[in-house]
Amino acid sequence: MAQFDLILLGPPGAGKGTQASRIVEDYSIPHISTGDMLRAALKNQTAMGLEAKRYMDAGELVPDSVVIGIVKDRLQESDTAAGFLLDGFPRTIPQAEALDDSLASIERGVSKALAILVDEDELVRRLTGRRICRDCQVPFHMVFSPPAEEGVCDKCGGELYQRDDDSESTVRNRLAVYSQQTEPLIAYYDRQGVLARIDGEQSPEQVYAHLKEAIGRP
Ligand code: AP5
Ligand code: ZN
């Protein structure tokens, strides 16, 4: 297949956002994060954003119909012609089937599903210490990857903030929702022969080196 249609899978806090910014820079494909798109809708106070907030704050998934609609619209844009990196989508079997159907209708298909895997205790440490740039969405960590100046993004100078759903109790619920609804996608893509499992409990540089190996293109 000529296109370069990539999916990043993995539990909350595995490092999908961290690695996504490296991948899209190196391979010049757009980063499509449903989490970022939902938070942008909320910031703009759209009806959809306000509805999504109820689910996100509780650590639950936003209904499939809403998320599938957003992604289908986004994939119509011309910058996805040569490929894309989906981050945080699909998260349920119906989402994965909807993606397969819409790619198949334009004679495309998922080239690789990259699953970054990390243990639960480590995920809780990562998420509760995370800070995110309001402007460019790059994640930092107060202990593991602190910014040079406290509260300020190294990349763009934007203000860092803590996400509402990064409190410990919401994090625990997000992890439970992940194992019930999203983890089955690992077997789904394994059956399609496009799955790569990546050990996420290494430095971000090492994780990235393994991702590049799995992507298999220079
Ligand atoms: P979303 O925004 O997608 O969040 P998530 O999947 O929970 O993932 P995170 O962004 O929390 O983690 P990440 O894997 O990107 O980790 P990061 O790189 O930041 O979704 C939020 C909500 O939106 C959902 O709960 C749901 O309500 C809704 N939603 C979104 N998509 C949906 C969909 N498709 N269907 C339905 N609902 C949907 O890293 C985490 C921390 O660890 C950072 O501080 C980072 O600096 C640090 N770190 C990263 N890598 C390493 C490393 N190797 N070593 C040490 N620290 C590291
Ligand atoms: Zn920034």
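Counting starts at 1 for both ligands and their atoms, in listed order. Excluded from the calculations below are hydrogen atoms, water molecules and symmetry mates; all remaining heavy atoms, backbone and side chain alike, are included.
At a 4.0 Å heavy-atom cut-off, ligand 1 touches Thr18 through backbone and side chain alike. Of the heavy atoms in Ile132, none comes closer than 4.0 Å to ligand 1. The residue Ala52 has no part lying near ligand 1, judged by heavy-atom distances below 4.0 Å.
The protein heavy atom nearest to atom 44 (O) of ligand 1 is Phe140 O, 2.7 Å. Scanning the protein for heavy atoms near atom 12 (O) of ligand 1, the closest one is Gly13 N, 2.9 Å. For atom 15 (O) of ligand 1, the closest non-hydrogen atom of the protein is Gly17 N, 2.8 Å. Looking from atom 21 (C) of ligand 1 to the surrounding protein, the closest heavy atom is Arg163 NH2, 3.4 Å. Of the protein's non-hydrogen atoms, Gln95 NE2, 2.9 Å is the one closest to atom 35 (N) of ligand 1. For atom 23 (O) of ligand 1, the nearest protein heavy atom (residue, atom name, distance) is Met56 CE, 3.4 Å. Remark: minimum distance from atom 25 (O) of ligand 1 to any protein heavy atom is reached at Glu60 O, 4.0 Å. Protein heavy atom at the shortest distance from atom 37 (N) of ligand 1 is Val62 N, 3.1 Å.
Checked by distance only, ligand 1 and Gly15 come closer than 3.5 Å through their nitrogen or oxygen atoms. An N or O contact shorter than 3.5 Å is missing between Leu38 and ligand 1 by distance. Taking only nitrogen or oxygen atoms, main chain and side chain alike, Arg39 reaches within less than 3.5 Å of ligand 1. By the 3.5 Å distance cut-off applied to N or O atoms, Gly88 is counted among the residues near ligand 1. Below 3.5 Å of separation, one finds an N or O of Thr34 facing an N or O of ligand 1. Of the N or O atoms in Gln202, one or more lie within a sub-3.5 Å distance of an N or O in ligand 1.
Salt-bridge annotation for Glu25 and Arg22: absent, with no side-chain N of the basic residue lying under 4.0 Å from a carboxylate O of the acidic one.
Cation-pi contact between Arg131 and Phe140: absent, since separation from the ring centre below 6.0 Å together with deviation from the ring axis within 45° is not met. Cation-pi check for Arg217 over Phe4 is met; the charged atom lies under 6.0 angstrom from the ring centroid and within 45 degrees of its normal.
In this structure, of Arg130, Gln181, Met142, Arg126, the residue bringing a heavy atom nearest to atom 54 (N) of ligand 1 is Arg126. With atom 1 (P) of ligand 1 as the reference point, the heavy atom nearest to it among Arg91, Lys16, Arg125 is part of Arg91.
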Using salt bridge (Lys or Arg N to Asp or Glu O under 4.0 Å), reason through Glu60 and Arg54 one step at a time and then give a plain yes or no.
CA-CA 8 Å; Glu60 300 291 332; Arg54 288 195 290 136; over 6 Å; no

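Within the structure, ligand 1 lacks Gln19 among the residues with a heavy atom less than 4.0 angstrom away. Distances shorter than 4.0 angstrom do not occur between any heavy atom of Glu201 and any atom of ligand 1. Residue-ligand proximity: Ser145 is placed with a non-hydrogen atom under 4.0 Å from ligand 1. Residue Gln206 places every heavy atom at 4.0 Å or more from ligand 1.
Using a 4.5 Å heavy-atom threshold, the side chains of Arg174 and Asp165 count as touching.
Remark: at the Zn ion (ligand 2), atom SG from Cys153 and atom SG from Cys136 enclose 110°, rounded to the nearest 10 degrees.
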